[in-house]
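These notes concern the structure reproduced below.
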Amino acid sequence: MTTSQPAILIIQPLMPQLDEKLTQHFHCYRLYEQPDPAVFIARHGTAIKAIVTRGDVGVETALLEQLPECKAIAVFGVGTDRIDLNYAAAHDIQISITRDILTDDVADLALTLTLAFSRNLVAYHQFAQSGAWENNAVALSSRASGKRIGIAGLGAIGLAIARRAEAFGMQVAYTARTAKEVSYKRCDNIEQLAAFSDFLVLALPGSAENLQLVDAKVLTALGREGVLINIARGTVINEADLIAALQQGTIKGAALDVYPQEPIINPALRQLDNVLLTPHIASATHETRAQMTNNVLENLLAYFADGKILTAV
């Protein structure tokens with residue numbers, strides 16, 4: 001690493017493979033390693049030309065204000081809800097995301113959670129592993145085929161989920177800002193979608209307008225036989241309302257990959273039998289993470305070569 005290389009700021013730890021590649025091409029400052037980030041930024045802020053961050057981390061506007069030469073942000077992920085896009089646009093800051101790379105993995109997990117919950121796979125695994133089958137009958141589960149699935153947000157990921165659900169013979173409905181050219185039923189709002197659904201899948205951006213969108217009213221509409229699946233952002237759910245609904249049997253259950261305060265999971269969720277929890281692993285496959293790594297690097301190399309990122313927001 002030499003001082004002739006462009007200086008970039010890494011906000012939080014990245015995958016080792018990406019960190020290694022960035023180190024080969026850029027002068028990397030790591031904000032998370034600094035004992036006093038404010039002092040560090042005051043000293044080095046004017047040298048930083050670009051930022052690398054994760055979708056779940058973003059960049060605080062107060063930090064961007066102290067980086068006058070930073071004109072590019074490369075996001076490892078597709079989430080931009082923790083970046084002030086208006087501020088970025090006003091200050092000619094380009095933002096890249098790993099668009100279209102993780103769509104299939106996230107959609108796969110959404111259907112995996114749907115099937116695993118409906119067929120009670122975790123409990124069946126524990127039942128078989130423990131040897132309980134030798135002396136006990138197997139309890140019945142529920143089918144997913146033929147059930148109704150509502151998808152909140154029919155972007156690329158939502159559409160990929162819908163197509164997978166179709167293959168299982170599920171009836172599909174959705175909500176979106178605008179009508180899509182699809183055969184699926186469109187609901188006017190998420191309460192209507194919840195009332196339609198046996199499985200309500202959240203594929204929404206974690207934007208301010210979606211903050212705690214799923215509340216007690218939506219969960220009541222989902223009903224006692226309904227299951228909530230969240231592969232979006234933890235912030236789109238009112239967690240207190242969800243816990244109450246799970247405890248009181250307002251809904252049948254939930255399968256969650258994301259949480260409001262990751263990596264912390266509310267202890268109340270961890271104590272419930274009618275939840276299936278995964279640690280934000282929707283895009284966590286070797287293949288996808290390798291492609292995401294290359295995308296971040298290629299965007300930065302393109303920016304420093306000709307001033308244009310490749311996969312802009």
Side-chain angles (χ1 to χ4, degrees), residues 15-16 56 102 104-151 157 160-161 163-171 194 197-203 214 219 222-234 237 239-290:
M15 290 186 63
D56 61 326
L102 49 74
D104 285 335
D105 276 358
V106 178
D108 285 351
L109 182 67
L111 260 292
T112 298
L113 292 175
T114 300
L115 296 170
F117 191 97
S118 64
R119 295 307 303 269
N120 208 18
L121 286 188
V122 174
Y124 281 160
H125 167 74
Q126 294 170 343
F127 181 82
Q129 189 179 53
S130 69
W133 191 20
E134 297 171 11
N135 301 301
N136 298 276
V138 177
L140 300 181
S141 61
S142 299
R143 67 167 57 171
S145 298
K147 295 292 177 63
R148 295 177 297 181
I149 186 169
I151 303 170
I157 291 172
I161 294 169
R163 288 171 174 164
R164 284 158 172 76
E166 272 193 293
F168 281 88
M170 301 182 80
Q171 300 175 56
S197 302
D198 295 306
F199 297 92
L200 176 61
V201 181
L202 306 181
V214 177
L219 295 169
L222 182 57
R224 298 182 66 85
E225 294 302 316
V227 178
L228 180 69
I229 311 287
N230 191 11
I231 45 78
R233 283 283 187 263
I237 296 175
E239 189 172 61
D241 287 356
L242 173 61
I243 291 169
L246 290 165
Q247 291 172 335
Q248 297 165 13
T250 303
I251 64 173
K252 184 175 182 178
L256 310 171
D257 187 49
V258 289
Y259 312 89
Q261 296 180 313
E262 297 176 7
I264 298 170
I265 299 177
N266 192 310
L269 287 173
R270 292 190 275 115
Q271 294 168 5
L272 291 167
D273 293 331
N274 56 344
V275 294
L276 177 56
L277 308 175
T278 54
H280 200 157
I281 46 82
S283 67
T285 66
H286 293 292
E287 298 86 350
T288 289
R289 290 294 172 85

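Throughout, residue positions are numbered sequentially from 1 according to the sequence presented.
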Quick one: side-chain contact (heavy atoms from CB on, under 4.5 Å) partners of [X], sequence neighbours excluded?
{"X": "A244", "value": "Q248"}
{"X": "R289", "value": "M15, F76, S283, A284, M292"}
{"X": "S197", "value": "L193, L200, L222"}

Taking the side chain as C-beta and beyond, is there a heavy-atom pair between [X] and [Y] under 4.5 Å?
{"X": "R148", "Y": "F199", "value": "no"}
{"X": "L272", "Y": "Q247", "value": "yes"}
{"X": "V227", "Y": "D198", "value": "no"}

- prompt: Under 3.5 Å, side chain of S130 to main-chain N/O of F127, donor-acceptor pair present?
  reply: yes
message: Could you go through I231 and I161, starting from their C-alpha distance and side-chain angles, then the distance that decides it, and tell me whether this counts as side-chain contact (heavy atoms from CB on, under 4.5 Å)?
response: CA-CA 11 Å; I231 45 78; I161 294 169; 4.1 Å; yes
query: If you round to the nearest 0.5 Å, how far is CG of L202 from CD1 of I151?
result: 10.5 Å
message: Nearest 0.5 angstrom please: L228 CG to L246 CG, how far?
response: 8.0 Å
Side-chain donor/acceptor pairs under 3.5 Å, residues 109-123, sequence neighbours excluded:
residue : atom : partner : partner atom : Å
T112    : OG1  : D108    : O            : 2.8
T114    : OG1  : A110    : O            : 2.8
S118    : OG   : T114    : O            : 3.1
S118    : OG   : L115    : O            : 3.1
R119    : NE   : S141    : OG           : 3.0

Shortest non-hydrogen separation from Q171 to G146 and the atoms involved: NE2-O, 3.8 Å
message: Taking side chain to side chain donor-acceptor pair (under 3.5 Å) as the cut-off, I'd like each qualifying pair that reaches into residues 264-276, sequence neighbours left out, listed once.
response: E239-N266
query: Can you name the residues that form a side chain to side chain donor-acceptor pair (under 3.5 Å) with E166, not counting sequence neighbours?
result: Y184
field: Criterion salt bridge (charged side-chain N to carboxylate O under 4.0 Å, His left out) on D104 and R163, from CA distance to verdict
entry: CA-CA 11 Å; D104 285 335; R163 288 171 174 164; over 6 Å; no
query: Can you name the residues that form a salt bridge (Lys or Arg N to Asp or Glu O under 4.0 Å) with D105, not counting sequence neighbours?
result: none
query: Quick one: salt bridge (Lys or Arg N to Asp or Glu O under 4.0 Å) partners of D241, sequence neighbours excluded?
result: none
Please output the side-chain donor-acceptor pairs of residues 252-264 that fall under 3.5 Å, not counting sequence neighbours, one pair per line with the distance.
residue : atom : partner : partner atom : Å
K252    : NZ   : S142    : OG           : 3.2
D257    : OD1  : T278    : OG1          : 2.7
D257    : OD1  : H280    : N            : 2.9
D257    : OD1  : I281    : N            : 2.8
D257    : OD2  : I281    : N            : 3.1
D257    : OD2  : A282    : N            : 3.1
Y259    : OH   : L256    : O            : 2.8
Y259    : OH   : T278    : N            : 3.3
Y259    : OH   : T278    : O            : 2.9
E262    : OE1  : H280    : ND1          : 2.7
E262    : OE2  : Y259    : N            : 2.9
E262    : OE2  : H280    : ND1          : 3.1

